[in-house]
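Data first, discussion second: the structure below is written as C-alpha cells.
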Amino acid sequence: SLAKVIVSKEIPGFPNDMSIQYVSSHENYAFDEREHEDLLPKEYMTAIVNDKMTSLKNEISKLEERLGDDDEDVEGIANRLAELCDTQDELESTSAKEIQQMLTDLGFQKFLNYPVSCLSSGWRYKCRLAAAFSTHPDILILDEPSILDANSLEWMVEKCKDMAVGANAMVVIISHKTLLLEKLCDRILYINSANNKTTFYNCGYEEFQATREANADYAERTLEVFDTKLQTAKSSLKHLKDQLQRRENNFMKASSQNADQRFIRGKCKEAKQKADRSAASKFKQICSEVDEMEELKRDALREQVQKLKLDGYCCGSTLAIFDDVSFVHPNESLPILQYLDARIEPTDRILLTGENGCGKTTFLKLLVGELEPTEGKIMRDLDPLYFPQTSLTEMTIDHADKSAVEYLDCNKTQTDLRQHLGDFGIAETALRPVAALSAGQRVRLWLAKNQLHPSLLIFDEISENLDYESVNVLLSILNSFVGAAIVVSHDADFCTAFRPTQIWKMRSFGQFLVQHIEDK
C-alpha cells in the first residue's frame, strides 16, 4: 500500500518532477501490461521505453507553453526543461543498445521469438525488470522481486547497485527475502503490523535484524518489572488527583470563612500554590512513566500469524510414474521434456529446482493431468492440491472487485463463511476486495477456497511475496503433512527451511538430477 501511494505521488510534499517505475511480481501484469502481452520480449521492452518517451514529450510541451505564457518561475521551468531534454536524449541514444545488452545478459536468445504471454512467469518478470531499468527512473520500486533463478537474481542485484551509485537513483526494495535484503539494502524502513509502528533504521539488513530483536527482547524483559511500576504509578496518579481535589475544597472553605483575616487568606493561597506546583511536578513524572511503559508494551509486540493445518492422507500405492515421457508445446519443434522417467511415492517430499523456463511448471501440469504427454505414458493415482505459480495473478485479474466471501462462492451463510475465513486467519478480510489484500492474505484465501483432502501437495512458487511469518506457516504445513509434497521455489531461505526427502534438479529437456536426503 505504501509503495502504491508513493507511485501516485499523493504524499504531501512529494516532488512531482521525479519519475517512478514500479515493478510487482504479478500486479503489473494483472492491471497494466495486458496491452503488451502479445509483443516479443524486445518489442515489449521498447514499448515500455516509448511510453516513457511519450510521457517526457508531453511534459516538455506543457513546460514550453508555460514559458510562452510568461510564467513567473522562468528559471525553475528552464532548469526542469533542461533535465527532461537531457533524459530524452539519453533514452533516444542508449535505450536500444541497453535493451539488446540486457536481453543477452539474461539469456533471452532462445525466447526472442516468443510473445511475452507465452513465456514462463520467471521470464515475464525478467521482461518487466529489464524494461524498468531501461527507462532510467529517478525511483525504482521493486515490490517483492520473485520467481528469479540464482543467476538472474545476481544480475538484478548488480543492476540495482549500478543504478543507485552510477545514476544516483533511489532503489526501493519491498521484500521478505533475507539474502536479497542483506545484499542490497543500506537503509531499512520497517513496518510492524502488530503495533502499526513504522521505524527507520540507517543501516543494512543484518544490523537492522539484530537491533530490532535486541529492542524487542529488552522491552519484553523489562515489561514484567515495569508492569508493577505501572500499577503503582496509576494508583499514585489517582491518589494525586484526589489530593488536589481535597486541597481545592479546603482552600475554598478557608477563603469563605474569616473573610476579614487577609493574612490567613494569603497564607492559604501561598500554601495552595506551593502544593499545586509540587503536585504538578509529580503528575508530570507519573504521566511520563506511564507513557514510557505503554511505549515498551508496543515495542514488545511482535507479528503473530495464525497457524494452519491441511488435512490429507497417505496413499497406499505409488502416486505417479512417468515412463519415457516427452512433451512438445504446440507450434514448437523442440521438446521441453524428453524421455523422462520419474516416480513419486506416497511419502516423498520433493524440492524441484532449475533455471527459469527449464520445464518445471510443464512437468507439474503433466503430473496433475492439465497436459498430456506427446510421447510416453503417465500413470496417476493421486488426489492433488495444486497451487500454480499464476494463482495470485489469476485471482487478481478475475476477482479483483469481489470481496473475500464472494470469492469463496459456496452455499453457506455469511456467518459460516466468516467462520471459515477465521479458520485460515483472515476473518477481518471478509468484506475487503481481493485487489486490496496482501499476497499472504490471498494465499490464505486461495487455500480456504480450495481446501480438499489431498494425498499430494503441489506448491509452485507459493512462498513468493509472503512475509516471514506466513512462510513459516507454510513450512509447518509442508514439513508435517502426512502425504507427499512437491515444492518449486527459487527462494533460498524457503528451500533451506523446507525438509525434503529428495531434491530434483531439472536440466535441459526435463532430465532430473536426483539427490536423496536422509530424514533427520
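Along the sequence shown, residues carry numbers from 1.
The minimum heavy-atom distance between Ile6 and Ile20, with the atom names listed, is O-CD1, 3.4 Å. Of all the heavy atoms in His453 and Gly312, the pair that sits closest is CE1-O, 3.4 Å. Scanning all heavy atoms of the two residues, the minimum distance from His490 to Ile147 falls at ND1-C, 4.1 Å. Nearest heavy-atom pair, Ala427 versus Arg418, reported as atom, atom and distance to 0.1 Å: CB-O, 4.0 Å. Contact detail for Val443 and Phe387: the closest heavy-atom pair is CG2-CZ, 4.3 Å. Across Leu385 and Leu447, no two heavy atoms sit closer than the pair CD2-CD2, 4.4 Å.
Lys412 and Gln419 share no donor-acceptor pair across their side chains, judged by distance under 3.5 Å alone. Looking at Asp149 and Ser152, their side chains do bring a donor and an acceptor atom within 3.5 Å of each other. In the model, Arg128 has no side-chain atom that pairs as donor or acceptor with a side-chain atom of Ser24 under 3.5 Å. With no hydrogens or angles considered, a side-chain donor-acceptor pair links Glu144 and His176 at under 3.5 Å. Residues Asp383 and Ser455 have side chains that never bring a donor and an acceptor to within less than 3.5 angstrom of each other. His136 and Gln21 form no side-chain donor-acceptor contact under 3.5 Å, judged by distance and modelled atom types alone. For the residue pair Thr361 / Asp460, a side-chain donor-acceptor distance below 3.5 Å is found, with atom types taken as modelled. Judged purely by distance below 3.5 Å, without hydrogens or angles, the side chains of Ser317 and Asp381 pair a donor atom with an acceptor atom. Using a 3.5 Å distance cut-off with no hydrogens or angles, the side chains of Gln389 and Ser121 do pair a donor with an acceptor.
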*Under the side chain to side chain donor-acceptor pair (under 3.5 Å) rule, what do Gln441 and Arg444 come out as? Steps first, then yes or no, please.*
CA-CA 5 Å; Gln441 289 169 333; Arg444 286 173 176 263; over 6 Å; no
*Go through the steps for Asp416 and Thr413 under the test side chain to side chain donor-acceptor pair (under 3.5 Å), then give the verdict.*
CA-CA 5 Å; Asp416 290 339; Thr413 66; 3.2 Å; yes
_Audit row: Asp324, Asp341, side-chain contact (heavy atoms from CB on, under 4.5 Å) steps and yes/no_ = CA-CA 5 Å; Asp324 207 23; Asp341 293 312; 4.2 Å; yes
_Test log, rule side chain to side chain donor-acceptor pair (under 3.5 Å), inputs Thr396 and Arg442_ = CA-CA 9 Å; Thr396 305; Arg442 291 179 203 176; 2.9 Å; yes
*asked:* Run Ser120 and Asn356 through side chain to side chain donor-acceptor pair (under 3.5 Å) and show every step you take.
replied: CA-CA 7 Å; Ser120 70; Asn356 294 131; 5.4 Å; no
*Would Val487 and Phe494 satisfy side-chain contact (heavy atoms from CB on, under 4.5 Å), going step by step from the backbone distance to the final call?*
CA-CA 10 Å; Val487 175; Phe494 184 83; 3.4 Å; yes
*Determine, stepwise, if the pair Leu180 / Tyr205 fulfils side-chain contact (heavy atoms from CB on, under 4.5 Å).*
CA-CA 9 Å; Leu180 176 62; Tyr205 185 76; over 6 Å; no
*For the pair Ile141 and Ile174, evaluate side-chain contact (heavy atoms from CB on, under 4.5 Å) and give the outcome as yes or no after the intermediate values.*
CA-CA 8 Å; Ile141 302 176; Ile174 301 171; 4.2 Å; yes
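Other residues, nucleotides and ligands contribute over 12 non-hydrogen atoms within 6.0 Å of the CD atom of Glu406. The environment of CE in Met170 is sparse: at most 12 heavy-atom neighbours from other residues, nucleotides or ligands sit within 6.0 Å. Residue-environment remark: NZ (Lys449) exceeds the threshold of 12 foreign heavy atoms within 6.0 Å.
Geometrically, Arg349 does not engage Phe481 in a cation-pi contact defined by less than 6.0 Å to the ring centre and at most 45° from the axis. Geometric assessment of Lys402 against the ring of Tyr407 yields a negative cation-pi assignment under the 6.0 Å and 45° thresholds.
Remark: side-chain polar atoms of Ser326 are not paired, donor with acceptor, to backbone N or O of Thr374 under 3.5 angstrom. Using modelled atom types, no side-chain atom of Arg343 and backbone atom of Ala320 make a donor-acceptor pair closer than 3.5 Å. Using modelled atom types, no side-chain atom of Asp186 and backbone atom of Cys203 make a donor-acceptor pair closer than 3.5 Å. Side-chain atoms of Lys177 come within 3.5 Å of backbone atoms of Pro145 as a donor-acceptor pair (strictly under, hydrogens ignored). In terms of modelled atom types and a separation under 3.5 Å, the side chain of Ser489 and the main chain of Asp491 share a donor-acceptor contact. Counting only distance, with no hydrogens or angles, the side chain of His420 and the backbone of Ala448 share a donor-acceptor pair below 3.5 Å. Checked by atom type and distance alone, the side chain of Ser403 never pairs as donor or acceptor with a backbone atom of Pro433 at under 3.5 Å.
The shortest distance between side-chain heavy atoms of Ile139 and Val171 does not fall below 4.5 Å. Using a 4.5 Å heavy-atom cutoff, the side chains of Gln502 and Asp348 are in contact. By the 4.5 Å heavy-atom criterion applied to side chains, Ile378 and Asp323 are not counted as neighbours. Between Glu43 and Thr46 there is no side-chain heavy-atom pair separated by less than 4.5 Å. At least one side-chain heavy atom of Leu140 sits less than 4.5 Å from a side-chain heavy atom of Val23. Residues Val405 and Gln414 form a side-chain contact, since some pair of their non-hydrogen atoms from C-beta on lies under 4.5 Å apart. In this structure the side chain of Val172 never reaches within 4.5 angstrom of the side chain of Asp143, judged on heavy atoms. Counting only heavy atoms from C-beta outward, the side chains of Leu106 and Trp155 approach each other to under 4.5 Å.
Between the CG atom in Asn450 and the OH atom in Tyr386 there is a gap of 12.5 Å [rounded to 0.5 Å]. Atom CD of Glu375 is separated from atom CG of Leu337 by 12.0 Å, given to the nearest 0.5 angstrom. Taking NZ of Lys360 as the reference point, atom OG1 of Thr353 lies at 7.5 Å (rounded to 0.5 Å). Taking CZ from Phe108 and SG from Cys127, the interatomic distance works out to 3.5 Å, rounded to the nearest 0.5 Å. One finds the CG atom of Leu474 at 10.5 Å from the CG atom of Asn479 (value rounded to the nearest 0.5 Å). Note that the CG atom of Leu445 and the CZ atom of Arg432 stand 12.0 Å from one another [nearest 0.5 Å].
Between Phe424 and Trp446, a ring centre-to-centre spacing not shorter than 6.0 Å is recorded.
Looking at Glu207 and Arg187, no side-chain N of the basic residue comes within less than 4.0 Å of a carboxylate O on the acidic one, giving no salt bridge.
Ring-plane geometry between Tyr201 and Phe208 is classed as perpendicular, the angle between the planes exceeding 60 degrees on a 0 to 90 degree scale with a lower cut at 30.
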